[in-house]
Structure formats: C-alpha cells, structure tokens
Amino acid sequence: MSALLKNSAFDPSAIVDAVRSVLPETRPLPLHEPEFIGREWEYVKDCIDTGWVSSVGSYVDRFEALCAEATGTRFGIACVNGTAALHIALVAAGVQRDDEVLVQALTFVASANAVHHAGAVPHFVDSEHETLGLDPDALDAYLGEIAESRDGATYNRRTGRRISAVVPMHVFGHPVRMDRLVEVAERWHLDLVEDAAESLGSTRNGRLMGSCGKLAAVSFNGNKTITTGGGGAVVTDDEALAKRLKHLTTTAKLPHRWAFDHDEVGYNYRLPNLNAALGCAQFEMLPQFLAEKRVLAERYRTALAHLPDAQFFGQPEGCESNYWLNVVMVPDRAAREALLEALNADGIQARPCWTPMHELSFNSDCPQASLTVTEELVDRIVNLPSSPKLGRGI
Ligand SMILES: *Cc1c(COP(=O)(O)O)cnc(C)c1O
C-alpha cells in the first residue's frame with residue numbers, strides 16, 4: 001500500500017483532473033447507468049404481443065438458466081429483487097428466528113435487512129484491506145473468542161444464540177477470499193450464503209462468484225452490471241434446495257391443474273416474465289459490458305497512478321473483478337468530502353461508501369466484532385462513474 005500522508009493539506013484538483021481525463025465531456029455523468037443496446041425491445045415486445053407478461057413465461061425459465069450459467073451453478077430461481085432473493089436464500093438455508101447471522105458491516109443495507117426479514121439477528125464482522133470484503137482470518141479468530149461448538153452447531157457464548165450462517169459480500173465486485181472462508185464456515189458449522197449482488201461475472205482463481213457457498217443471491221437492480229429493471233435470483237448447485245426455493249417463492253402452491261392448495265406460508269417473490277425478458281437480452285450483453293468495465297478500470301488505474309493522495313483499488317490477487325463500481329481511496333474522511341464536493345460540482349456523480357451497518361439506528365442492538373478496518377475503509381472510499389459505455393469512450 002502506498003504511503004498516504006494523513007492530515008496533510010489535501011487538494012482534490014489533481015485527482016479531479018485525472019478522473020476527467022478518463023471520462024467523456026457529457027454532464028451529468030451518472031454513477032452507473034443501465035444501457036439497452038441489444039434485443040431488449042424485441043423480447044419485451046414479445047411478452048406484450050403474446051400476453052405472457054406476468055409471473056409465468058418462457059423468459060423466466062431462460063433467465064433462470066442464464067443466472068445459473070453466469071454464476072457457475074446448476075440452478076437459478078428468479079426473484080422480484082435481490083433483497084428478496086437473499087431473504088429467501090437464508091430461509092432455505094435453514095436460518096431460524098433468533099439465530100445470529102454473520103454479515104460484514106461494509107455492505108449495502110439489503111444484506112443486513114434480509115437477515116432481519118428472516119427473523120434473525122445480524123452480527124457484524126470486519127472487512128480486510130486486500131478485498132474490502134469479509135476477512136475470513138479475523139472471523140475465525142473472533143469466533144474462537146466468542147463462540148463455542150456443540151452438537152454440530154455454533155453458539156455465541158455472550159448471547160446464547162445459535163450462529164447459523166455467514167453472508168460474505170463481494171464489495172463493488174471484488175471477490176472475498178472464498179476458499180479460506182469455506183474452510184472457516186465448515187469448521188464452525190455455518191451455512192455459507194453469498195451476497196453476490198455486485199459481483200456478477202467476477203472470478204477468483206477462475207471460479208465464478210455465486211458458486212462458492214450453499215446458496216447465493218444476485219441482483220438485477222437498475223444500477224447493477226446488467227438489469228431487469230428490478231429483479232434478482234438465488235443460485236445453487238443443490239437440486240433439493242432449488243426445488244424448495246421455487247416452491248417458497250411461488251406462494252408454496254401445490255401443482256395442480258385447477259386447485260389452489262398451499263402447504264405453508266409462502267412468498268410471492270416471483271419475477272414477472274416482462275422483467276425476465278429484459279434480463280435475457282441484458283445477459284447477451286454481459287460479456288461486452290464486463291470487457292468494457294475492465295477497460296474503464298484500467299484507464300482509471302493508469303490516470304490515478306503516481307498521485308500521492310489517491311490510490312485506485314485494483315482487483316485482489318488471483319481475481320478478475322467485474323469492477324461494478326470503481327474505487328479511489330483518499331487519505332481520510334476530510335479528503336473524501338473534499339473530493340466528493342469537487343467531482344459532484346463538475347457533474348461527475350461520485351459517492352461515498354454506504355454508512356456501515358453497525359452505525360444504522362435500527363442495528364444498534366446487534367452484536368459486532370471489532371470493525372476498525374471497516375471504519376477506515378468507509379472514511380477513504382470514493383466511488384467513480386462506472387457505466388460500461390464509459391469504457392467505450394461514450
Ligand atoms: C444491490 C444489492 C442487493 C440487492 O438489492 P435489490 O435492490 O433488492 O436488488 C443486495 N446486496 C447488495 C450488497 C447490493 O449491492
């Protein structure tokens with residue numbers, strides 16, 4: 001890591017100039033724009049022309065297969081959004097009311113909300129500098145301090161609650177050290193549910209994100225790498241879980257030609273065929289978008305190299321990141337604010353990282369590990385415009 005001078009007078013102008021040199025002159029420049037330059041119109045029109053607009057249709061089936069393919073898994077279950085996908089993945093994994101679920105504090109609110117929706121308690125853990133995501137070694141050491149294993153389950157000795165799952169999130173598309181996390185999760189009898197909402201197409205040691213845990217959730221919100229307008233999916237290799245997920249997300253209806261029977265309280269988490277049609281066309285663009293996003297990241301990296309107060313966050317070793325949102329790190333929170341001010345004043349939409357989960361009022365009673373790395377990263381991260389077309393120079 002380069003030596004960044006803390007508390008020195010920070011002048012954002014050199015960074016602003018470098019960022020400008022990468023971007024077109026059009027303003028405003030959004031952080032991440034959806035783009036429809038493939039067969040989107042054709043497929044959506046087909047839904048309208050045929051009347052198959054709602055929760056059943058051939059595009060849903062195609063979309064689910066594409067979700068599985070893009071994450072290196074066998075089964076995809078389309079959902080109405082990524083938060084619903086993560087919620088239902090936790091339920092299917094067996095997370096029970098009043099369990100604790102380990103979630104990194106450095107994430108979008110959906111990761112923790114999904115745990116609350118399942119009636120469980122998020123338990124916040126720290127990130128590491130190398131990936132921005134969950135630190136598996138710190139987690140292992142922390143569980144050694146606060147947890148005990150009994151009868152094939154792990155309990156928090158301080159709260160008495162069972163700790164049943166861990167939810168790593170690949171921040172801005174950069175893969176968590178999943179091989180190590182798989183070991184830690186096994187050692188502590190934790191179900192591994194990936195929040196792969198930001199990491200479609202990212203790999204570590206050639207392995208696609210979404211394929212490392214028992215289950216993973218992906219998102220197709222409007223600001224993600226590809227979009228269905230709003231949407232998500234659960235992916236898994238486990239056929240029994242896939243069947244269970246399809247059942248749970250479709251009101252737990254028993255298949256019958258006319259009868260409406262349901263065998264439990266299910267969810268209406270289905271993705272409409274209209275949205276799936278948009279998604280099928282977007283999937284056709286994914287390879288191109290990923291390539292363009294990597295070109296853009298490389299341009300930022302080059303333009304920001306050698307600036308003493310800026311550090312471009314490059315993909316972790318052994319990884320190919322999708323660079324969902326590009327990151328420049330500055331020395332401290334004051335510098336972050338100065339840079340955000342300067343970029344936004346120029347119509348370049350730059351953003352800080354999320355308020356970390358443990359600082360949100362409704363999470364104040366949740367247990368937490370030491371979160372010093374999270375807090376440092378939050379102070380220093382600035383996200384830069386990252387739409388695929390910017391890598392095409394438009
Ligand atoms: C986008 C996102 C989600 C899912 O969001 P939806 O808007 O519900 O699709 C979940 N987790 C993370 C980390 C995300 O960035």
Side-chain angles (χ1 to χ4, degrees), residues 30-34 63-64 67 70-71 76-91 93 101-118 120 122 124-125 127 131-134 165-176 178 192-202 209-210 212-213 215-235 249 267-272 275-276 278-279 282 293 321-327 351-358 360 363 374 377-378 381 383 386-387:
L31 192 67
H32 204 291
E33 265 185 297
F63 179 73
E64 290 182 330
C67 288
T71 51
I77 299 90
C79 289
V80 70
N81 58 52
T83 311
L86 190 56
H87 170 211
I88 211 67
L90 290 168
V91 170
V101 174
L102 299 156
V103 181
Q104 72 201 49
L106 189 79
T107 187
F108 175 57
V109 71
S111 314
N113 282 351
V115 175
H116 286 295
H117 295 332
F124 299 116
V125 294
S127 284
T131 67
L132 308 178
L134 195 147
V166 56
V167 180
M169 197 283 275
H170 313 292
V171 179
F172 309 130
H174 299 295
V176 165
M178 289 305 287
L192 187 46
V193 179
E194 279 177 86
D195 183 342
E198 304 185 353
S199 52
L200 194 66
S202 295
M209 291 304 102
C212 307
L215 296 152
V218 289
S219 169
F220 301 95
N221 191 41
N223 62 348
K224 294 302 199 299
T225 301
I226 57 171
T227 185
T228 55
V234 187
V235 292
T249 54
Y267 299 81
N268 180 8
Y269 276 1
R270 295 172 293 189
L271 182 74
N275 300 75
L278 197 61
Q282 287 271 286
K293 287 171 74 62
S321 296
N322 68 5
Y323 286 98
W324 173 52
L325 292 183
N326 286 285
V327 171
R351 234 185 35 179
C353 199
W354 318 275
T355 297
M357 294 306 100
H358 63 294
L360 299 174
N363 287 330
T374 297
L377 291 172
V378 167
I381 287 172
N383 287 132
S386 300
S387 307

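First listed ligand is number 1; within each ligand, the first listed atom is number 1. Computed over heavy atoms, backbone and side chain alike; hydrogens, waters and symmetry mates excluded.
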| Do S321 and H174 have a side chain donor and acceptor closer than 3.5 Å? | yes
| said: Classify the ring geometry of F220 against F63: parallel below 30°, tilted from 30° to 60°, perpendicular beyond 60°. | reply: perpendicular
| Can you tell me which residue and heavy atom of the protein come closest to atom 6 (P) of ligand 1, and the distance to 0.1 Å? | G82 N, 3.6 Å
| message | Pairing donors with acceptors under 3.5 angstrom, does anything connect the side chains of N383 and H32? | response | no
| remark: Among non-hydrogen protein atoms, atom 1 (C) of ligand 1 lies closest to K224 NZ, 1.5 Å
| said: Distance under 4.0 Å to a non-hydrogen atom of S219: what atoms of ligand 1 satisfy this? | reply: 1 (C), 4 (C), 5 (O), 6 (P), 9 (O)
| note | In this structure, atom 3 (C) of ligand 1 is nearest to the protein heavy atom A197 CB, 3.5 Å
| query | To the nearest 0.5 Å, what is the distance between CG (D195) and CE (M209)? | reply | 13.0 Å
| message | At less than 4.0 angstrom from any non-hydrogen atom of N81, what atoms of ligand 1 do you find? | response | 8 (O), 9 (O)
| message | For H170 and V176: C-alpha separation, side-chain torsions, deciding distance, then whether side chain to side chain contact (heavy atoms under 4.5 Å, CB included) applies. | response | CA-CA 6 Å; H170 313 292; V176 165; 3.6 Å; yes
| With a cut-off of 4.0 Å, which atoms of ligand 1 are near a heavy atom of A110? | 3 (C), 10 (C), 11 (N)
| message | Among all protein heavy atoms in this structure, tell me which lies nearest to atom 15 (O) of ligand 1, with the distance rounded to 0.1 Å. | response | E198 OE2, 2.6 Å
| Stepwise side chain to side chain contact (heavy atoms under 4.5 Å, CB included) check, T107 with V171 | CA-CA 7 Å; T107 187; V171 179; over 6 Å; no
| said: Below 4.0 Å, non-hydrogen atoms only: which portion of T83 touches ligand 1? Side chain, backbone, both or neither. | reply: both
| note | On a heavy-atom basis, the closest approach of L192 and C212 is CD2-O, 4.2 Å
| message | For atom 11 (N) of ligand 1, which of the options N223, D195, N221 provides the nearest non-hydrogen atom? | response | D195
| message | Below 30° counts as parallel, above 60° as perpendicular, anything between as tilted: where do the rings of Y269 and H87 land? | response | perpendicular
| said: Distance under 4.0 Å to a non-hydrogen atom of M169: what atoms of ligand 1 satisfy this? | reply: 13 (C)
| field | Atoms in ligand 1 with a heavy atom of T107 nearer than 4.0 Å | value | 13 (C)
